[in-house]
J.: 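Okay, here's the structure, questions in a sec.
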Amino acid sequence: MIMSNIHDQSCYFINTTSYVEYVVRSSNDLNYLYDDGTLTFSLSLTLASLSLQDLQTQYLTSISSWCPNKDKAFAFDPSLSNTFYVNHGDTNISLDLQYCGSPIPEQIVYSGTQTGVVVNENEPKLQVNAELSGGTHSGMVVATIQSVQATLNYQIVVNMPPYFISPLSNVRVERGQLLSQPLPPIQDDENDNYTINAKLVSVTTTNTSQTCISLTEAKANTSVIVFDSTHKLLKVNVSNMALPVKWLCDFYYNITLIDSKGATSQTYAFTLSIVLEKLPPYWVKDPPGPVLLHLGENTTVDLPDSRDPNGDTITHINISSPLFAIVPSPFKYTLKPLLKEHLGFAQIIGNLSDGQSPPMFLPFTINVTVINFAPYFDEELKNQSLLVDESLEYQLPSINDYESPVTDPIELSICVFSEQYLTTDCNKALPEFLTFVKEERILQFYGLNEHKGNYIIQINLTDSAGNYSNYSFKLSIQSFSHSSEYQDHASQLLNTGAPEFVTSFPANIIIKEGESEVIKLPEIRDPDDDQFECIVNLGFTDSFVIFKNLALIISPLHQNVADNPYTVTIELKDKNNSLRKRNIYRLDISVAAIQVNATANNSMSQYFIEEVDETISQQVNLTKNEQYIVRLRLLEVTNLGRAKIKVYSKSYILFIFHQTDVSVFKCFFRNKIDWG
């Protein structure tokens with residue numbers, strides 16, 4: 001468009017759709033005619049030649065001085081710098097690429113970018129992060145419009161912040177001290193000036209019973225803690241011993257270094273602790289006390305609560321401890337003495353340390369005593385009495401030991417003392433009138449005329465750790481007073497031997513649970529044709545063995561299965577009053593379990609004697625239909641017409657038997673016994 005007249009502002013349009021530059025020139029001299037107020041001149045339009053220049057500038061920019069007159073111009077402004085100065089860290093650089101006219105650039109391509117520079121394709125923006133190290137970094141950006149390109153070579157100069165050359169260590173100050181602590185050396189790679197910014201962020205303490213100075217008050221006070229940035233010093237003045245306790249806390253600071261260009265270092269965490277004058281840890285209540293435990297006992301010993309007046313972390317140091325002590329975790333001991341060598345007195349010695357340099361210690365000693373109780377009988381031993389030519393069986397009470405099973409097995413030894421007899425080798429040289437069945441703890445006595453007297457039977461119980469206990473009871477063996485007529489008759493008799501079985505008798509048998517077997521006693525014969533008696537001692541087989549009609553009826557159940565055999569003794573003793581002789585036969589019964597598809601009968605033995613006595617005195621307070629079932633065990637029958645019977649009953653009521661059929665107790669002798 002060409003303006004034709006200055007006054008009327010008339011315009012003339014040039015019909016063109018392409019970008020064309022014209023040169024307007026005057027074809028004649030300008031003549032000013034003032035008389036009629038008109039100006040007349042002619043113009044000539046000629047097509048000018050177009051040349052683009054690569055200006056290598058930072059921006060595609062719209063410049064108001066030429067853009068309205070140069071439509072669609074595309075060039076870089078060389079007047080702007082292509083070097084960007086940034087501080088280390090995350091930064092955005094906007095190139096602000098602009099254009100004059102339309103269309104906009106079709107493509108913006110970056111090249112030569114390095115680690116730490118992130119570009120957005122087709123956008124005039126660079127993102128710089130902390131991975132871009134200090135120094136100068138070059139790159140290039142190319143903008144394209146209708147196959148016409150403009151190129152910009154740029155540089156990014158990264159300014160690094162100052163930093164501490166060595167680590168910044170925490171500081172600990174005791175009350176009563178005056179501290180001037182230099183900060184670590186500081187380096188700035190660009191040699192820029194810098195400042196130190198120390199910011200107090202919190203004040204705390206590990207002592208729950210103490211209140212610290214407030215954060216606001218601590219910041220306002222400059223007489224105790226001062227950071228001297230000029231001389232790079234930390235100054236702490238706690239020399240006054242009257243310093244309030246509220247200052248005895250931990251002061252937490254964040255320190256940053258900032259150079260003159262604004263580069264800021266990382267945040268350095270720093271702790272200043274003001275504590276009491278150096279003191280060792282102490283027990284909150286009492287120190288650890290002595291420990292008493294049994295052999296085989298497992299005990300845990302925890303050290304009592306402790307504290308450090310300076311708020312230091314307490315550590316446990318074990319110096320020495322017995323072999324049976326271990327330290328599973330700090331401040332804890334586990335004690336488990338198992339061996340004989342562990343008995344007696346021992347000590348645990350250690351320290352509690354505050355971990356400082358030099359450290360302060362709280363020493364401790366724990367006295368440990370390991371004891372072992374002696375084994376003992378459940379009941380007191382009872383005195384026993386015995387007539388000459390009679391037998392007696394005494395089962396010792398059960399044996400217990402507090403430290404069992406560590407001190408198992410318990411050894412039992414027997415010593416016999418009297419005026420005329422002394423056992424020198426206990427349990428190995430017992431007198432002939434005493435037999436000890438170890439498995440069942442049974443003492444069997446059989447006294448002859450030469451054994452008459454009073455004895456002390458001493459029982460020694462010794463555990464595997466060597467501790468022992470002694471028990472004793474009295475045994476009296478006395479003769480029976482016969483009439484003079486009977487004694488005269490007995491003195492005329494001679495005795496050449498004891499009664500015996502005519503045929504052999506088995507020494508042991510093996511029987512399975514649930515089975516039954518009958519062993520008949522062989523014929524009995526006395527060489528002097530003396531009367532004799534048969535005494536059958538069932539022992540612990542009385543629950544499954546019955547002696548009836550000169551036969552042993554053996555019927556074991558499942559509960560009778562045992563590793564060791566049961567023993568039944570059969571004593572054949574003549575009645576020669578001049579000199580009595582005997583033979584003892586022993587039968588060992590081994591009860592074996594059924595191995596395959598065996599079902600055990602768990603019921604107890606059902607063999608008993610039932611007495612129903614409706615004439616019992618009303619003083620017993622029994623109902624009319626009440627019955628009592630008891631089990632009777634025949635212990636022995638003597639030639640004097642006496643029988644020993646043991647009664648088993650669930651009730652302690654005194655039972656009176658009337659006209660009992662005593663034939664069930666007979667052990668068929670060759671000559672009938674008069675039961676009276």
J.: Looking only at the side chains, is there a donor atom on one of N367 and Q347 sitting less than 3.5 Å from an acceptor on the other?
T.: yes

J.: Does E533 form a salt bridge (Lys or Arg N to Asp or Glu O under 4.0 Å) with R582? I'd like the steps, not just the answer.
T.: CA-CA 9 Å; E533 55 187 352; R582 61 176 177 171; over 6 Å; no

J.: Locate the shortest heavy-atom distance separating K340 from A465; write the atom from each residue and the value.
T.: CE-O, 3.3 Å

J.: Just jot down the side chain to side chain donor-acceptor pair (under 3.5 Å) partners of D401, sequence neighbours excluded, or say none.
T.: T407

J.: Which pair of heavy atoms, one from D526 and one from A498, lies closest together, and at what distance?
T.: OD2-C, 3.8 Å

J.: By salt bridge (charged side-chain N to carboxylate O under 4.0 Å, His left out), which residues pair with K332, not counting sequence neighbours?
T.: D302

J.: Where do F361 and P281 come nearest, in terms of heavy atoms and distance?
T.: C-CD, 4.4 Å

J.: When V568 is tested against each of L538, I519, D542 for side-chain contact (heavy atoms from CB on, under 4.5 Å), which residue passes?
T.: L538

J.: Looking at R586 and D588, is any side-chain nitrogen of the basic one under 4.0 Å from a carboxylate oxygen of the acidic one?
T.: yes

J.: Using a distance-only test with no angle check, is there a side-chain donor-acceptor pair under 3.5 angstrom linking S555 and S516?
T.: yes

J.: With a 6.0 Å cut-off (strictly less than), is the heavy-atom count around CD1 of I326, excluding the residue itself, greater than 12?
T.: yes

J.: Can you tell me if CD1 on I510 sees more than 12 non-hydrogen neighbours from other groups inside 6.0 Å?
T.: no

J.: When you compare the side chains of Y333 and N318, does any donor N or O come within less than 3.5 Å of an acceptor on the partner?
T.: yes

J.: For Y394 and F445, I'd like to know if the aromatic rings sit close, meaning centre-to-centre distance below 6.0 Å.
T.: no

J.: Under a plain distance cut-off of 3.5 Å, with no hydrogens placed, do N207 and S209 share a side-chain donor-acceptor pair?
T.: yes

